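Below: the structure, in structure tokens.
Being a predicted model, the structure only gives us computed values, none of them experimental.
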Amino acid sequence: MSNSQRFSYWGGVLYGTPLLLFGILTWSYDFNGLFGQDSHAYYQYAQELKLYLTTGKTPGNFYWPKLYPFLGAIISTTGMHLLTVMRLLSLLSLLGVIFYTNKIIQEIYHKDGKLWLFLGLVLSTYFIRGGMLVMSDMLATFLVVFCYWSFVRFMNVRRVSFLLVMVVTACAAFFVRYPTLPLVFVPILIAVIVGLRKVKYNWLIAVLFLVGMLSVLLVYYPFFKYITDEFFRRWSFSNIFSRSLKDNDGQSFHWVPNSIYVFGNLLHIGYLAIGVFLLPFYKKIKGISLFFLIGVCGYLAFISGFSTQNYRFLMLSHPLIMVLLFPAFLRFWSWLKNKKLHWFFVGGTVLFNVMFFIYSFGKTYRVHQNEKEIVLALQALHSKATIYSFYVDQSFLSYGIENEVKNLYLEEYKTFEKGSLLIFNVTKFQKQWEGTTVMKNWNKVTQEYQLEELVSFQNHWKIYRIQ
């Protein structure tokens with residue numbers, strides 16, 4: 001097989017695998033991309049935005065950045081189904097990440113990275129999953145990668161147009177996911193410094209740039225104050241070394257402290273199952289890759305102080321780490337070829353990651369199915385009564401449940417309406433949410449009211465009627 005045929009083959013595998021997986025999940029397993037509270041929140045807000053665009057009805061408040069649901073709403077006005085649009089935004093963003101990560105590798109190292117990206121991106125369970133869900137993570141990751149691609153091009157050809165693209169892309173990334181800021185700040189700062197050294201009256205441009213930044217901060221002061229307040233509320237230096245974390249999501253306990261968790265891109269099998277094999281082949285990073293390392297380290301330091309461990313956060317940095325590890329992979333691949341073990345290694349890596357994907361995504365799929373089962377059970381009851389619930393209640397509107405819903409986390413209720421429905425999973429909640437309004441409400445309703453069990457599910461979820 002010639003080199004051109006080999007590159008064409010790996011290109012087909014690289015881009016065909018996500019498309020094949022998307023098709024299998026959609027048509028064989030009826031998976032629609034909705035999973036968990038965040039996913040449903042994005043979809044429902046996109047529905048409100050679409051209604052605003054078509055009727056003028058003002059949408060409600062939204063906790064997260066709005067660009068992802070806004071893009072979904074705009075595109076869906078063409079006649080495409082909104083849920084399909086939002087799923088395709090994630091899928092196409094995944095393909096875009098793969099394409100531009102390879103472009104960066106080619107620009108920096110003058111080598112093709114398709115095999116490496118297949119092993120480290122496409123076979124990465126936690127990463128490819130982001131392209132299958134109705135979530136903002138993969139779109140934000142694409143914008144970060146495109147920002148870094150523009151940075152590499154700017155550093156090589158020094159065109160102002162690439163700097164402008166960087167700024168626009170970085171702003172878009174921020175309004176898709178706020179935590180992208182530490183990642184995109186570094187290349188923009190370096191590009192501005194490099195650019196100013198090459199033009200006349202650089203002091204004047206620097207002053208105008210600072211004035212522009214201050215103007216933006218003053219105009220959007222309430223917005224940035226909200227962001228900083230939220231940051232300091234959830235970020236603490238002590239969290240970096242802690243395994244036990246407590247915040248609005250309750251109490252959580254982890255195997256490793258945050259300072260270890262942030263290296264999950266390299267060490268966790270959900271991201272890079274072959275990461276430990278590369279350690280003996282690692283060498284000092286230099287050249288333009290050093291700026292990638294600074295950006296990644298800054299971002300990892302940033303998320304290490306948060307009061308939660310969520311491997312979704314590592315998705316933003318994973319393609320950049322793949323760029324940094326590419327030279328180590330080349331040396332490792334050469335060693336494998338000398339030992340005639342390279343194709344055994346590829347086959348073993350594929351088999352291991354497929355098995356882990358089945359196991360890991362199986363848990364995601366079970367949550368998705370559980371949401372559907374609870375909704376179907378509610379529809380079968382034909383009840384218009386108020387529903388008290390937590391965790392699964394976010395999915396109700398997505399599937400057409402129009403009952404009044406009272407969330408057990410948002411308020412500690414003094415009384416409960418008799419005849420209303422209660423959906424709860426005491427096995428799942430009693431430890432993580434101990435001492436919070438969730439368990440306080442559960443304890444109150446079980447002590448002061450009679451509960452008639454209407455429906456019981458295998459995973460300990462139950463639907464009760466309060467009497």
Side-chain angles (χ1 to χ4, degrees), residues 30-32 34-45 47-48 60-63 244-253 307-308 310 362-467:
D30 193 28
F31 182 73
N32 61 15
L34 294 174
F35 155 76
Q37 298 183 72
D38 295 3
S39 180
H40 287 284
Y42 278 117
Y43 176 53
Q44 290 166 21
Y45 192 70
Q47 289 178 313
E48 292 186 35
N61 295 322
F62 192 62
Y63 181 77
S244 176
L245 304 168
K246 188 174 183 179
D247 62 4
N248 290 345
D249 296 327
Q251 184 79 22
S252 57
F253 304 90
S307 53
T308 185
N310 192 329
K363 294 190 290 185
T364 301
Y365 184 71
R366 283 193 292 274
V367 172
H368 168 77
Q369 284 293 93
N370 180 65
E371 293 171 349
K372 284 185 173 181
E373 288 172 1
I374 290 175
V375 166
L376 288 174
L378 285 172
Q379 290 171 341
L381 292 174
H382 301 291
S383 174
K384 300 297 183 182
T386 299
I387 301 174
Y388 293 91
S389 185
F390 172 64
Y391 188 77
V392 295
D393 59 302
Q394 190 69 53
S395 67
F396 294 167
L397 278 175
S398 299
Y399 295 119
I401 299 295
E402 297 180 351
N403 301 50
E404 180 185 5
V405 178
K406 295 188 176 182
N407 188 286
L408 297 173
Y409 170 78
L410 297 177
E411 182 180 345
E412 187 174 344
Y413 298 101
K414 295 180 180 180
T415 60
F416 292 84
E417 298 177 29
K418 289 188 177 182
S420 60
L421 302 177
L422 171 65
I423 303 174
F424 205 77
N425 187 332
V426 65
T427 304
K428 181 178 179 66
F429 298 146
Q430 61 184 350
K431 184 176 180 179
Q432 179 181 356
W433 298 94
E434 181 181 2
T436 67
T437 54
V438 175
M439 291 309 298
K440 288 178 181 178
N441 280 319
W442 169 256
N443 293 333
K444 182 177 182 65
V445 75
T446 53
Q447 292 167 7
E448 299 181 10
Y449 297 83
Q450 295 293 321
L451 297 181
E452 177 190 1
E453 184 178 310
L454 301 179
V455 186
S456 178
F457 303 92
Q458 291 183 348
N459 51 6
H460 307 293
W461 281 95
K462 294 183 179 182
I463 302 178
Y464 305 91
R465 179 176 283 115
I466 300 175
Q467 296 180 332

### Task
Sorted by first residue and then second, give each salt bridge (charged side-chain N to carboxylate O under 4.0 Å, His left out) pair with at least one member in residues 419-430; sequence neighbours left out.
none
### Task
Apply the test side chain to side chain contact (heavy atoms under 4.5 Å, CB included) to residues Ile374 and Val455: give CA-CA distance (whole Å), side-chain angles for both, the deciding distance (0.1 Å), then the verdict.
CA-CA 9 Å; Ile374 290 175; Val455 186; over 6 Å; no
### Message
Show every salt bridge (charged side-chain N to carboxylate O under 4.0 Å, His left out) that has at least one partner inside residues 458-467, sequence neighbours left out.
### Response
Glu452-Arg465, Glu453-Lys462
### Query
Under a 4.5 Å cut-off applied to non-hydrogen side-chain atoms, are Trp433 and Phe390 in contact?
yes
### Query
What distance separates Ile387 CD1 from Asn403 CG, expressed to the nearest 0.5 Å?
4.0 Å
### Task
First locate atom OH of Tyr409, then atom CG of Asn441, and finally report the distance between them rounded to the nearest 0.5 Å.
12.5 Å
### Polar side-chain atom of His368 near backbone of Leu34 as donor-acceptor pair, under 3.5 Å
yes
### Query
Can you find a pair of side-chain heavy atoms, one from Asp30 and one from Lys372, that are under 4.5 Å apart?
yes
### Message
Are Val445 and Tyr413 packed together at the side-chain level, in the sense that at least one heavy-atom pair is separated by less than 4.5 angstrom?
### Response
no
### Query
For Ser456 and Trp461, what are the C-alpha separation, side-chain angles and deciding distance, and is it a side chain to side chain contact (heavy atoms under 4.5 Å, CB included)?
CA-CA 6 Å; Ser456 178; Trp461 281 95; over 6 Å; no
### Message
Using modelled atom types and a 3.5 Å cut-off, is there a donor and acceptor pairing between side-chain atoms of Asp393 and backbone atoms of Tyr391?
### Response
yes
### Query
If every non-hydrogen atom of Tyr464 is compared with every non-hydrogen atom of Trp442, which pair is closest and at what distance?
OH-CH2, 3.9 Å
### Query
Going by atom types alone, do Thr437 and Glu411 pair a side-chain donor with an acceptor below 3.5 Å?
no
### Query
About how many Å separate OG of Ser389 and CD1 of Ile401, when rounded to the nearest 0.5 Å?
11.5 Å
#### Entry: Set of side chain to side chain contact (heavy atoms under 4.5 Å, CB included) partners for Ser395, sequence neighbours left out
His40, Glu371, Val375, Tyr399
### Task
Could you grab the distance from atom CG of Leu378 to atom CD of Glu373, nearest 0.5 Å is fine?
12.0 Å
### Task
Describe, in one word, how the ring planes of Phe424 and Phe429 are oriented to each other, choosing from parallel (under 30°), tilted (30 to 60°) and perpendicular (over 60°).
perpendicular
### Query
More than 12 heavy atoms of other residues, nucleotides or ligands under 6.0 Å from CD of Gln430: is that the case?
yes
### Query
Given the rule in the side chain to side chain contact (heavy atoms under 4.5 Å, CB included) test, do Tyr42 and Phe62 qualify, once you have shown the distances and angles that lead to the verdict?
CA-CA 9 Å; Tyr42 278 117; Phe62 192 62; 3.7 Å; yes
### Message
Could you work out, with side chain to side chain contact (heavy atoms under 4.5 Å, CB included) as the rule, every residue matching Lys363, not counting sequence neighbours?
### Response
Tyr359, Arg366
### Query
Quick one: does Gln44's side chain have a donor or acceptor within less than 3.5 Å of a partner on Ser39's backbone?
no
### Task
Give a yes-or-no answer on whether the side chains of Asn425 and Asn459 include a donor-acceptor pair shorter than 3.5 Å.
no
### Task
Starting from the C-alpha separation in whole Å, work towards a yes-or-no answer on side chain to side chain contact (heavy atoms under 4.5 Å, CB included) for Leu454 and Leu381.
CA-CA 9 Å; Leu454 301 179; Leu381 292 174; 4.2 Å; yes
### Results of side chain to side chain contact (heavy atoms under 4.5 Å, CB included) for Glu417 - residues two or more places apart only
Thr386, Tyr388, Lys406, Ser420
### Task
Could you name each residue pair satisfying salt bridge (charged side-chain N to carboxylate O under 4.0 Å, His left out) that touches residues 438-451, not counting sequence neighbours?
Lys444-Glu448
### Query
Roughly how far, to the nearest 0.5 Å, is the OH atom of Tyr63 from the CG atom of Asp38?
10.0 Å
### Query
Given side chains that start at C-beta, do those of Val392 and Val367 come closer than 4.5 Å, heavy atoms only?
no
### Task
Please answer whether the main-chain N or O of Gly60 pairs with a side-chain N or O of Glu48 as donor and acceptor at a distance below 3.5 Å.
yes
